[in-house]
Amino acid sequence: MTAKPRVFSGIKPSGDPHLGNYLGAIRNWVNDQDRYDNFFCVVDQHAITVAYDPVNLRANLRQLAALLVACGIDPDRSCLFVQSHVAEHTELAWLLTCTTPMGWLERMTQFKDKSVGGQRERVSAGLFTYPTLMAADILLYDTLVVPVGEDQKQHVELARDLAARFNHLYGDVFTVPEPVIREVGARVMGLDDPTKKMSKSDEGANRTIGLLDTPKAIQKKFARAVTDSEGHIVFDDNRPGVTNLLTIHQTLSGLTKAELEARFAGRGYGDLKKELGELVAEALTPIQQRYIELTEDPRTLDQILADGAARAQAVAAQTMSRVRQAMGLR
Ligand code: ATP
Ligand code: LTN
């Protein structure tokens, strides 16, 4: 029997997880668990690259880990762990930082977006070097496949380039990973502003649907979602509001673009929004029920994360001894 390909992906405990995280990442991780050998990581060291509150960080981390299990990440089939529980991540990040050309980091669009204008003087050096920590996360586990939302494509490509560069400089140590991005749902946009991505940390009023939002709140947020004044319901890149709503529908209903346009022909935005609210609430309700059960039993979550860290650490330690050997350290 050939071993299943290794998957690694990460999510930051930087705030309330939202529908974009679910449709762009978590749901795909869950659905593909049998195809791959899975490692999923709550990347707390990535969440400290911007200003944060330590008490909130801890609470966010537990909430996120419990939600991942509630969404269907199965600890028997996937290694679920917290980044800071496996010290090898930061060790490898430093070694990779020393093999990363500054120019490669300067080209990262996320850093450019987050450091515009006078911000560059204030943002942390960690925000700049963060893609090397992300590369370390991926490369430590001989990862082949990295399923992410669209916004992370450039960072995974950097990890791939760094693996190839390292192998060229020091010998064949790393597996070269590939990003995997789904066609539908890879970039869920904000409900209040469909030109901005739905995001945990950049929350405008009505920007996100939280995975723990009540059905009533979900209905209300969709009812207020920004569209346009054209009225008819079709996919159109020049009409980001209605296209975003249709795309969310598509991810959950599984209907094709043509089927969706036919379904809403001659109907108004109100109908689409109401139906969407119902679809999303229906998808989130069972997740919320499992989440509540898990929060009532904190020891189970502790055990899942402790087991995950032990499994992850065993793999990471082996990779690190190859890396140190190749680099002439120890
Ligand atoms: P932050 O706002 O703190 O940067 P985030 O909400 O962008 O966080 P992450 O924890 O950085 O989320 O990302 C976890 C996964 O969710 C990644 O694979 C990312 O690509 C995906 N993701 C994040 N936002 C969206 C979105 N709006 N649509 C689709 N996928 C998304
Ligand atoms: N940088 C990513 C989160 C992340 C990640 C990873 C994703 C950290 N390490 C490794 C995939 C693989 C983000 O901001 N979404």
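Both ligands and their constituent atoms are indexed starting at 1 by order of listing.
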So, 4.0 Å and heavy atoms of Pro17: is ligand 1 close enough to count as a contact? no
Which segment of Ala25 sits under 4.0 Å of ligand 1 when only heavy atoms are counted: side chain
May I ask you to list the atoms of ligand 2 that are less than 4.0 angstrom from any heavy atom of Asp137? 6 (C), 8 (C), 9 (N)
Val148 and ligand 2 - part of the residue with a heavy-atom distance under 4.0 Å: side chain
Aromatic rings Tyr141 and Phe8: how do their planes relate, parallel, tilted or perpendicular, breaks at 30° and 60°? parallel
For ligand 2, find out whether one of its N or O atoms is nearer than 3.5 Å to an N or O atom of Gln152. yes
Quick note on ligand 2: atoms under 4.0 Å from a heavy atom of Ser9 include exactly 11 (C), 12 (C)
Can Arg311 be said to sit on top of Phe39's aromatic six-ring, NZ or CZ under 6.0 Å from centre and within 45° of the ring axis? yes
At under 4.0 Å between heavy atoms, what of Val146 touches ligand 2? The answer is side chain
Interatomic distance, CG@Leu67 vs OH@Tyr22, rounded to 0.5 Å, equals 11.0 Å
Measuring from non-hydrogen atoms of Met189 to any atom of ligand 1, is the shortest distance under 4.0 Å? no
Side chain, backbone, both or neither: which part of Asn21 comes within less than 4.0 Å of ligand 1 when only heavy atoms are counted? both
Test log, rule salt bridge (Lys or Arg N to Asp or Glu O under 4.0 Å), inputs Asp228 and Arg239: CA-CA 7 Å; Asp228 53 43; Arg239 296 173 58 201; 2.8 Å; yes
Under 4.0 Å to a heavy atom of Lys12 - the qualifying atoms of ligand 2, by number: 14 (O)
Side chain, backbone, both or neither: which part of Ile138 has a heavy atom under 4.0 Å from ligand 2? side chain
Closer than 4.0 angstrom, basic N to acidic O: yes or no for Arg77 and Asp37? no
Quick note on ligand 2: atoms under 4.0 Å from a heavy atom of Phe8 include exactly 10 (C), 12 (C)
So for Lys200 against ligand 1, with non-hydrogen atoms under 4.0 Å, the contacting part is both
